[in-house]
Amino acid sequence: MNKSQLRRHFSDAEWARIRALADTQQTPFLVVHLDTVRAKYQELREGFPTARIYYAVKANPAPEVLKLLAGLGCCFDIASRYELDLVMGLGVTPDRISYGNTIKKAVDVRYAYEKGVRVFASDSEMDVRRIAREAPGAHLHIRVLTEGTETADWPLSRKFGCQQEMVVDMILLARDLGLDPAGISFHVGSQQRDLGAWDAALAKVKFIFDKLESHGVKLRQINMGGGFPAHYVNRTHEIPHYCEEITRFLQEDFGDEMPEIMLEPGRSLVGESGVIVSEVVLISRKSRYGLHRWVYTDIGVFGGLIETLGESIKYPIFTERQGKPEEAVLSGPTCDSMDIMYEDNKVPLPLSLEEGDRLYWLSTGAYTTSYSSIAFNGFPPLKAYFV
Ligand SMILES: *Cc1c(COP(=O)(O)O)cnc(C)c1O
């Protein structure tokens, strides 16, 4: 990407602040621009003025990010007891925490319950019974299986949720076991660019609400999960557009009897705040007349760019180096041939690119530090700095 494309992500003044920090550090590392997180939270807040927003901690669990969001009134969606400890350690009270992972041990449910957490998600009979046993009386969201795998760049759908008829059975079971079956949750898949996925999911939720009403159960909450996109190479609509359209779907389905809405954004709040700074280690061609260069950088799939697996997430890449671009394969530094970020989607990089040149990976604030390996090939985990 060139300088004018960079300005779609950061103003000149913002970029200058990021660079002032970056220029003093050794690569690879992530810089998180906290004002962007704040702006993305406020944008979603305005788009859904009455919703409760639970930040999905796993997207970027840095205390700096969590403290900022906590201060703005955000709630938190946790995936494990460790994230629970992290968030509560920052002073967040358990009434602002939801245990959204449907896969958890009995001891973890008990642990969260003893800490005061009262909102859990589930999608299986075994887990509903477990929650009833370990967290008596808790509020429960049953997660419905949604489509959208085709249109999400990082799908989550197959592994989680259950079919709508089964959701109905599970809600009735939860009620019979003394839990509070508060509502239905779903997740349309991460980096979901197709609004139709929310429309389809809400239609299922509506079906379940109606069905349960005929059984005498009145649900009161919809947890719409995350999935809101960040800007990468592939364009998406702006967040306010998603908010408007999803609100319209909600109104069409529920009209005057609007349930309470919960959201669990991860990527959309932190993705665009991050810039990974890396350095070119090696440039080569594989044969004397090789058509394209292989460019190896000091960050790769295992160092924080896991979402490039399958070339799913295509990060915009900026370099100061000018000159005629030519497409290159971009690869990481480890002795593992999975450690290639972009081979089918080659990246235009200047022919004048040299060893030691810095590459800036934009929109890398989500699922990078939290996904980086601990010491694969001896490389340390991805460092993060905050401006
Ligand atoms: C990962 C996750 C999220 C966040 O998803 P994004 O696509 O990053 O917004 C929300 N809810 C649950 C239950 C999750 O597992």
Side-chain angles (χ1 to χ4, degrees), residues 37 40-41 43-45 47-48 51-62 65-66 69 74-80 82-84 87 96-104 108 112 117 119-124 127 131 139-146 148-149 151-162 183-195 197-198 201 205 221-232 234 236-237 239 242-243 246 261-274 306-307 312-313 315 363-371:
V37 180
K40 295 304 291 185
Y41 174 79
E43 179 182 59
L44 194 65
R45 174 79 287 155
F48 290 105
R52 259 171 96 94
I53 300 178
Y54 291 73
Y55 170 61
V57 173
K58 71 178 195 280
N60 186 329
V65 170
L66 301 178
L69 289 171
C74 193
C75 302
F76 296 91
D77 171 57
I78 55 143
S80 69
Y82 309 104
E83 285 187 353
L84 175 63
V87 172
R96 291 168 68 188
I97 297 172
S98 157
Y99 203 140
N101 192 347
T102 54
I103 305 154
K104 49 204 173 295
D108 300 336
V117 175
V119 182
F120 294 83
S122 189
D123 62 4
S124 66
D127 188 54
I131 293 170
H139 310 291
L140 195 65
H141 296 133
I142 300 293
R143 182 156 165 182
V144 64
L145 195 60
T146 58
T149 311
T151 50
D153 289 335
W154 196 259
L156 291 170
S157 319
R158 226 158 26 82
K159 177 168 169 183
F160 303 102
C162 61
I184 306 300
S185 67
F186 62 81
H187 193 303
V188 291
S190 201
Q191 187 65 9
Q192 177 60 265
R193 292 181 286 137
D194 182 7
L195 268 159
W198 278 274
V205 173
Q221 293 176 339
I222 305 176
N223 179 344
M224 299 200 292
F228 302 99
H231 284 306
Y232 298 113
N234 292 336
T236 73
H237 299 294
I239 293 295
Y242 287 88
C243 300
I246 294 167
I261 301 298
M262 294 167 58
L263 304 170
E264 295 173 340
R267 184 187 304 281
S268 68
L269 294 192
V270 292
E272 289 162 26
S273 73
I306 280 218
E307 290 198 318
S312 304
I313 299 291
Y315 299 108
S363 290
T364 46
Y367 304 115
T368 50
T369 48
S370 54
Y371 253 156

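The chain is numbered in sequence order, starting from 1. Whatever order the structure lists them in is the order used to number ligands and atoms, beginning at 1.
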> Once you restrict to heavy atoms under 4.0 Å, what part of N101 touches ligand 1? Side chain, backbone, both or neither.
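N101 to ligand 1: no contact under 4.0 Å from either part.
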
> Can a non-hydrogen atom of A59 be found less than 4.0 Å from any atom of ligand 1?
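For ligand 1, residue contact (heavy atoms, under 4.0 Å) with A59 is absent.
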
> In this structure, is the centre-to-centre distance between the rings of W198 and Y242 below 6.0 Å?
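That pair passes the under 6.0 Å test.
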
> Say whether Q192 and ligand 1 are in contact under the criterion: heavy-atom distance to a ligand atom below 4.0 Å.
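Contact check Q192 vs ligand 1: negative.
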
> Tell me: protein heavy atom nearest atom 5 (O) of ligand 1, and distance?
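Going atom by atom, the protein heavy atom closest to atom 5 (O) of ligand 1 ends up being H187 NE2, 2.8 Å.
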
> Under 4.0 Å from a heavy atom of P265: which atoms of ligand 1 are those, numbered in the order shown and with their elements?
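Listed by number with element: 9 (O).
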
> Looking at ligand 1, does F160 have a heavy atom less than 4.0 Å from it?
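No, F160 has no heavy atom closer than 4.0 Å to ligand 1.
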
> Checking side-chain polar atoms at under 3.5 Å, does Y232 have a donor or acceptor matched by the opposite partner on R267?
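The criterion, which ignores hydrogens and geometry beyond distance, is satisfied for R267 and Y232.
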
> Does ligand 1 have any atom that is closer than 4.0 Å to a heavy atom of S268?
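No, S268 has no heavy atoms under 4.0 Å from ligand 1.
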
> Just distances here: any N/O of G227 and N/O of ligand 1 closer than 3.5 Å?
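Indeed, backbone or side chain, G227 has an N or O that close.
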
> For ligand 1 and G266, I'd like to know whether there is a polar contact (N/O to N/O, distance under 3.5 Å).
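Looking only at distances, the answer is yes, because the N/O contact criterion of under 3.5 Å is met.
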
> Can you tell which of R96, Q221, H139 makes a side-chain contact (heavy atoms from CB on, under 4.5 Å) with V119?
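Single pass found, and it is H139.
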
> Show which atoms of ligand 1 fall inside a sub-4.0 Å distance from at least one heavy-atom site of S190.
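Those atoms are 6 (P), 7 (O), 8 (O).
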
> Note the single closest protein heavy atom to atom 14 (C) of ligand 1, along with its residue, its atom name and the distance in Å.
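Checking every protein heavy atom, the shortest distance to atom 14 (C) of ligand 1 gives K58 NZ, 2.8 Å.
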
> Is a side-chain donor or acceptor of T364 paired with a backbone partner of G274 at a separation under 3.5 angstrom?
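At least one qualifying donor-acceptor pair exists.
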
> Does any N or O atom in E264 lie less than 3.5 angstrom from one in ligand 1, N or O only?
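Min N/O separation from ligand 1 is below 3.5 Å for E264.
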
> Give me the nearest non-hydrogen protein atom to atom 8 (O) of ligand 1 as residue plus atom name, then the distance to 0.1 Å.
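Result for atom 8 (O) of ligand 1: Y367 OH, 2.6 Å.
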
> Indicate yes or no: at least one non-hydrogen side-chain atom of I142 is less than 4.5 angstrom from one of S122.
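Yes, their side chains come closer than 4.5 Å.
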
> Checking side-chain contact (heavy atoms from CB on, under 4.5 Å) against E264, which of I53, V57, N223 comes through?
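Only one option passes, and that is N223.
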
